[in-house]
2 protein chains.
Amino acid sequence: MLPAPFPSDHNPLIRKLESIFPLTEDERQALLELPLQVTVIKEDQDVVREGDRPARSFAILSGMTCTNKVTGDGKRQIVAFGIPGDMPDVQSLHLKVLDITVTTLTQCSLGFITHEDLWDLCLRFPRIAAAFWRETLVEGASFREWILNVGRREAYPRMAHILCELLVRLKAVGLAEDHACDLPITQIEFADALGITAVHANRVFQQMRADGLIETRGTRLIVLNWERLKEVGDFDETYLHLIKQGGAAA
Amino acid sequence: MLPAPFPSDHNPLIRKLESIFPLTEDERQALLELPLQVTVIKEDQDVVREGDRPARSFAILSGMTCTNKVTGDGKRQIVAFGIPGDMPDVQSLHLKVLDITVTTLTQCSLGFITHEDLWDLCLRFPRIAAAFWRETLVEGASFREWILNVGRREAYPRMAHILCELLVRLKAVGLAEDHACDLPITQIEFADALGITAVHANRVFQQMRADGLIETRGTRLIVLNWERLKEVGDFDETYLHLIKQGGAAA
DNA sequence: CGACGGATTGATAGCTCTCAAACCCCGTGG
DNA sequence: CCACGGGGTTTGAGAGCTATCAATCCGTCG
């Protein structure tokens with residue numbers, strides 16, 4: 001079940017770009033010819049670390065990551081989850097020193113692209129550059145919502161909100177069914193994402209189960225009452241700026 | 001004391017771009033010729049609102065803004081402060097629907113640029129496009145630190161951290177002395193930025209004054225012990241990605 | 001079978017909130 | 001010149017959410 005080298009449109013990055021605007025033949029060709037060093041990395045590994053000065057960025061081809069920061073006294077905060085199609089450290093293209101650490105949550109297949117190649121691509125195809133820029137803006141929107149979530153919602157709705165976000169995003173890349181998905185995220189990690197303790201995250205989960213909102217089986221999340229979960233989590237997916245496809249998903 | 005139409009290099013936007021990389025004559029010229037509709041707006045006004053679909057973006061020429069979001073039950077969270085040179089809603093260039101509201105904290109002079117003109121500029125001058133992109137990446141870095149701040153620091157260090165950030169950023173645009181600046185931010189707004197209540201923000205301020213860290217005189221903030229403030233706030237300005245100038249500031 | 005990381009549970013402490021009221025400063029209007 | 005009104009700042013006391021600290025439980029893995 002090792003991720004194969006990604007042919008044509010099974011490349012999540014290309015699929016993502018195509019969801020933003022239809023690629024011309026040239027653009028598509030350039031993306032396919034882009035030197036992509038595909039590497040498989042085990043779970044729980046740091047791909048890049050705060051303070052690094054990478055000469056390349058990467059796209060997640062399969063697997064999940066989390067982007068995190070740490071306070072001076074060692075408390076960790078997860079600020080984003082990465083799913084296939086995301087490029088958690090594109091910022092390093094413009095900002096020399098990384099201010100974040102990207103850690104794998106599962107085994108991941110990552111496609112590394114040198115900054116040189118990325119620059120070249122962006123200069124030759126301004127629309128692709130714009131699409132990357134757009135992606136970082138969407139990421140920014142997500143950060144803003146995350147701040148609101150951590151700053152102004154209590155633990156319970158906070159958890160509900162993040163579950164909604166994850167489910168919607170995973171569905172957008174075809175990795176979730178209607179109301180269920182695989183979430184390789186421990187309660188400790190949820191706690192670090194929500195700014196609460198693992199103990200409290202656990203109690204929140206129990207309450208949500210007791211309330212009939214969700215069910216968990218191992219890493220699998222099953223949402224029993226989607227409408228209620230959205231309501232409780234005060235969730236409105238507008239901020240994810242997903243592009244609605246007219247037709248059905250692939 | 002009305003902000004005058006901004007000639008040449010008194011335009012904070014141009015100054016900011018120049019701090020990122022030296023502009024060529026062409027680039028500089030294009031920026032100066034950019035149709036900029038300068039508007040003065042009173043304090044406490046919404047410039048754009050969540051849900052809007054603006055056809056233009058704006059740069060802050062003078063004054064301060066805050067970018068905020070609101071939960072379903074009306075709790076407000078400030079996610080960023082805008083200072084001269086910032087473009088709080090550039091995102092609208094790529095993302096149709098605004099997910100944030102930008103409110104003036106003081107009277108502001110704003111330079112509006114239509115998205116059409118912005119696109120044109122970006123396509124003609126890829127380096128300028130890259131600089132804008134870079135700016136949104138820096139903004140993203142700031143959001144990430146904000147999440148860490150709200151999620152993992154207690155109220156006291158949280159406040160210290162935000163004061164550090166504001167002072168450093170204002171100094172970078174020449175709006176702060178070494179350890180003092182004008183902060184037109186009420187305690188209520190600080191509270192909304194920190195994810196705490198106004199009452200608690202007030203108590204934190206009192207404690208910081210009692211500890212000899214700061215002094216406030218009206219809207220003026222005077223930092224009495226900068227080293228200690230940074231330490232307490234666990235502040236390291238790396239994430240602001242400021243570009244150090246070799247020479248002195250203007 | 002022992003080790004280990006994650007999930008759970010219980011009891012206590014503590015940071016922050018909530019609610020209310022008072023206080024202050026300042027611009028407005030009589 | 002002073003009363004009035006309004007927003008921001010302070011204060012106090014009590015309640016509540018979440019953290020802390022410790023153990024226990026559980027499933028997986030060598």
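Every chain is numbered from 1, with letters handed out A, B, ... down the list of sequences.
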Nearest heavy-atom approach of B/Glu165 to B/Ser142 is OE2-OG, 3.3 Å
SB check B/Arg169 B/Asp86 (cutoff 4.0 Å): yes
Sub-4.0 Å heavy-atom contacts from residues 146-156 of chain A onto DNA chain D, ordered by number: A/Glu154, A/Ala155
Tell me the bend of the helix from C/dC1-D/dG30 to C/dG30-D/dC1 as the angle between end helix axes, each from five pairs, rounded to the nearest 10 degrees. 30°
Starting at atom CG of A/Asp192, determine the distance to atom C1' of C/dG5, rounded to an integer number of angstrom. 15 Å
Using whole Å, what does the distance between atom P of nucleotide C/dC17 and atom CZ of B/Arg76 come to? 16 Å
Do B/Asp99 and A/His241 get their side chains close enough for a donor-acceptor pair, meaning under 3.5 Å? yes
Carboxylate-amine/guanidinium proximity below 4.0 Å for B/Glu177 and B/Arg220: yes
On a heavy-atom basis, the closest approach of B/Phe235 and B/Cys164 is CG-CB, 3.4 Å
Minimum heavy-atom separation for B/Arg153 to B/Gly233, with atom names? NE-O, 3.8 Å
Terminal contacting nucleotides, 5' and 3', DNA chain D versus chain B (heavy atom, 4.0 Å): D/dG8 to D/dA13
Run the salt-bridge test on B/Glu237 and B/Lys171 with the 4.0 Å N-O cut-off and return the result as yes or no. no
For B/Lys75 and A/Ala198, find the nucleotide of DNA chain C closest to each by heavy atoms; which residue's nucleotide sits nearer the 5' end? A/Ala198
Pair B/Ile60-B/Met87, side-chain contact (heavy atoms from CB on, under 4.5 Å): steps then yes or no: CA-CA 6 Å; B/Ile60 303 176; B/Met87 298 182 67; over 6 Å; no
Of all of residues 202-215 of chain B, which get a heavy atom below 4.0 angstrom from DNA chain D, listed by number? B/Asn202, B/Arg203, B/Gln206, B/Arg209
Nucleic acid contacts - residues 182-190 of chain B versus DNA chain D, non-hydrogen atoms under 4.0 Å: B/Thr186, B/Gln187, B/Ile188
What are the residues of residues 63-72 of chain A, sorted by number, that bring a heavy atom to within less than 4.0 Å of DNA chain C? none
Spacing between B/Asp73 atom CG and C/dT18 atom P, to the nearest angstrom: 10 Å
Do A/Asp211 and A/Arg228 meet the salt-bridge criterion of a basic N to acidic O distance under 4.0 Å? no
Can you tell me how far apart CG (A/Asp182) and CG (A/Leu175) are? Round to the nearest 0.5 Å. 9.5 Å
Using the side-chain hydrogen bond (donor to acceptor under 3.5 Å, both in side chains) definition, which of the options B/Lys75, B/Arg76, B/Gln77 pairs with B/Asp192? B/Arg76
For DNA chain D, whose closest nucleotide is more 5', that of B/Val199 or that of B/Asp44? B/Asp44
One should read off an interatomic distance between B/Phe190 CZ and B/Phe81 CZ, to the nearest 0.5 angstrom, of 6.0 Å
Does one side chain, of B/Glu145 or B/His161, offer a donor that lies under 3.5 Å from an acceptor on the other? yes
Could you go through A/Tyr239 and B/Lys69, starting from their C-alpha distance and side-chain angles, then the distance that decides it, and tell me whether this counts as side-chain contact (heavy atoms from CB on, under 4.5 Å)? CA-CA 11 Å; A/Tyr239 74 93; B/Lys69 291 179 70 103; 4.2 Å; yes
Scanning both residues in full, the closest heavy-atom pair of B/Leu110 with B/Leu61 reads C-CD1, 4.1 Å
Applying side-chain contact (heavy atoms from CB on, under 4.5 Å) between A/Val102 and each of A/Asp46, A/Val48, A/Asn68, report the one that passes. A/Val48
A/Thr104-A/Thr65 side chain donor-acceptor pair, cut-off 3.5 Å: no
With a 4.0 Å cut-off on heavy atoms, is A/Gly218 in touch with a base, just the backbone sugar-phosphate, or nothing at all? nothing
What is the separation between atom CD on B/Glu43 and atom P on C/dC26, rounded to the nearest whole Å? 14 Å
Note: B/Lys16-B/Glu135 ion pair, threshold 4.0 Å (strictly below): yes
If I take atom CG in residue A/Leu105 and atom P in nucleotide C/dG6, what distance separates them, rounded to the nearest angstrom? 12 Å
Checking side-chain contact (heavy atoms from CB on, under 4.5 Å) between B/Leu163 and each of B/Lys230, B/Met208, B/Arg158, which is the one that passes? B/Met208
Roughly, in whole Å, what's the span from CZ in B/Arg158 to C1' in C/dC15? 10 Å
